[in-house]
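One structure is given here, and the rest of the page talks about it.
As the structure is a prediction and not an experimental result, all values here were calculated from the model.
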Amino acid sequence: MAATQTRTPRLENGSSPPAREGSDDRRIRPRRGLPGGRAVVGGLLVAVAAVGIFAAVSGAGRGPSTRYYVAARDIAAGTTLTRADLEAVAIEVPDRMLDRVFSDPDALIGAITVGPLSEGELVQAGGLATGADAEIPTFSVAVARADANAGELSRGDYVQVLATYGTDTAATTVTLSAEARIVSISEEDESLAAAGQVVVRLQVPSAEERIAIVNATTSGRVSLIRVSGAEDVEVAGPYQPDLDADTAAGDEATTTTTAPDEEPGG
């Protein structure tokens, strides 16, 4: 009887056909390796990015909920506001400004603008006047930035206007207006002011005070003292250095006591 040898058939490309179902395939195959370190880090970064995108998308619909009123169009100074001039916009307002902006249109209707408003500009209390205040004249003066609270003044601020005449020990400082109102103040990039100056538009009730301030801009030095929010601000009378007191103090400081001459041999 001739012995037969079973050979595994080969496919045309030289590989073995897949094992049949139920056959005892004991061939050893290499295990599939775990992901490398770079792959793990890359997957983690992708996951983090996906979480960030989800958070951004889910929060995109949430924004400021309080609506404040802005100018619905360009508004000239001296305009009496109507409902058509106003538009409510949901915006985020810093806490320090909450007492200067409006969420109720009734508080604005009938108010008069003391300065121009651009379309979309937030309407603030400092830019409005009501009643008799709306009829107070305004004018502009150029003041050294160092004498205007370092330029840190805002529309609606109240200031005392002082003027200093003369120089050195002969100088005298007087109060020209106890409560002038800032209507506007120039920005640093505006060309109306010379270097180191700001142009301040003031609302001053008294005609005499207005004349005195204008005169001081040419014959003296004007200083603005911010008094907004302060209570019972004292208004001092004219100030001039007390030359007699300064001289007496100087003489006292330089006076020395001379001891009597001692007797020879004493």
Side-chain angles (χ1 to χ4, degrees), residues 77-78 96-97 99-100 113-116 124-129 132-255:
R96 66 179 182 275
M97 292 180 59
D99 60 343
R100 297 163 53 185
T113 58
V114 295
Q124 301 185 51
L128 304 174
D133 288 343
E135 302 174 1
I136 299 176
T138 63
F139 62 101
S140 298
V141 293
V143 182
R145 183 175 294 275
D147 295 329
N149 200 39
E152 296 296 325
L153 295 172
S154 301
R155 181 191 297 177
D157 281 343
Y158 285 92
V159 295
Q160 286 185 352
V161 183
L162 310 183
T164 301
Y165 303 98
T167 58
D168 300 328
T169 56
T172 301
T173 300
V174 296
T175 301
L176 302 182
S177 180
E179 199 175 39
R181 189 186 192 200
I182 302 290
V183 176
S184 64
I185 182 168
S186 63
E187 301 293 338
E188 292 184 3
D189 58 351
E190 292 185 2
S191 60
L192 292 176
Q197 288 188 322
V198 291
V199 174
V200 182
R201 190 173 175 213
L202 293 173
Q203 190 177 49
V204 180
S206 167
E208 292 182 356
E209 291 179 357
R210 294 194 294 270
I211 292 174
I213 293 172
V214 172
N215 176 265
T217 60
T218 59
S219 60
R221 180 169 181 171
V222 174
S223 299
L224 304 180
I225 312 298
R226 185 178 183 275
V227 295
S228 290
E231 296 181 0
D232 300 327
V233 179
E234 183 181 358
V235 179
Y239 171 81
Q240 185 174 30
D242 189 343
L243 300 181
D244 294 336
D246 292 343
T247 302
D251 291 344
E252 183 178 348
T254 57
T255 300

[X] versus [Y], closest heavy-atom pair with distance:
X	Y	answer
V143	A148	CG1-CB, 4.1 Å
A170	Q240	O-NE2, 3.8 Å
Y165	S219	CE2-OG, 3.5 Å
L176	A212	CD1-O, 3.6 Å
L128	R181	O-NH2, 2.8 Å
A163	A216	CB-CB, 3.6 Å

*asked:* Under a 3.5 Å distance rule, please check whether T138 uses its side chain to pair with a backbone N or O of Q203 as donor and acceptor.
replied: no
*Which residues share a salt bridge (charged side-chain N to carboxylate O under 4.0 Å, His left out) with R221, sequence neighbours left out*: D147
Taking C-beta and beyond as the side chain, do [X] and [Y] meet within less than 4.5 Å on heavy atoms?
X	Y	value
R100	S154	yes
L224	V161	yes
V159	L202	yes

*Residue pairs passing the salt bridge (charged side-chain N to carboxylate O under 4.0 Å, His left out) test where at least one lies in residues 196-218, sequence neighbours excluded*: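 Sorted result for residues 196-218: empty, none.
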_According to side chain to side chain contact (heavy atoms under 4.5 Å, CB included), who are the partners of N149, at least two apart in sequence or on a separate chain?_
E152, L153, R226
*Just do the side chain to side chain contact (heavy atoms under 4.5 Å, CB included) check on I185 and V199 with the steps written out, would you?*
CA-CA 6 Å; I185 182 168; V199 174; over 6 Å; no
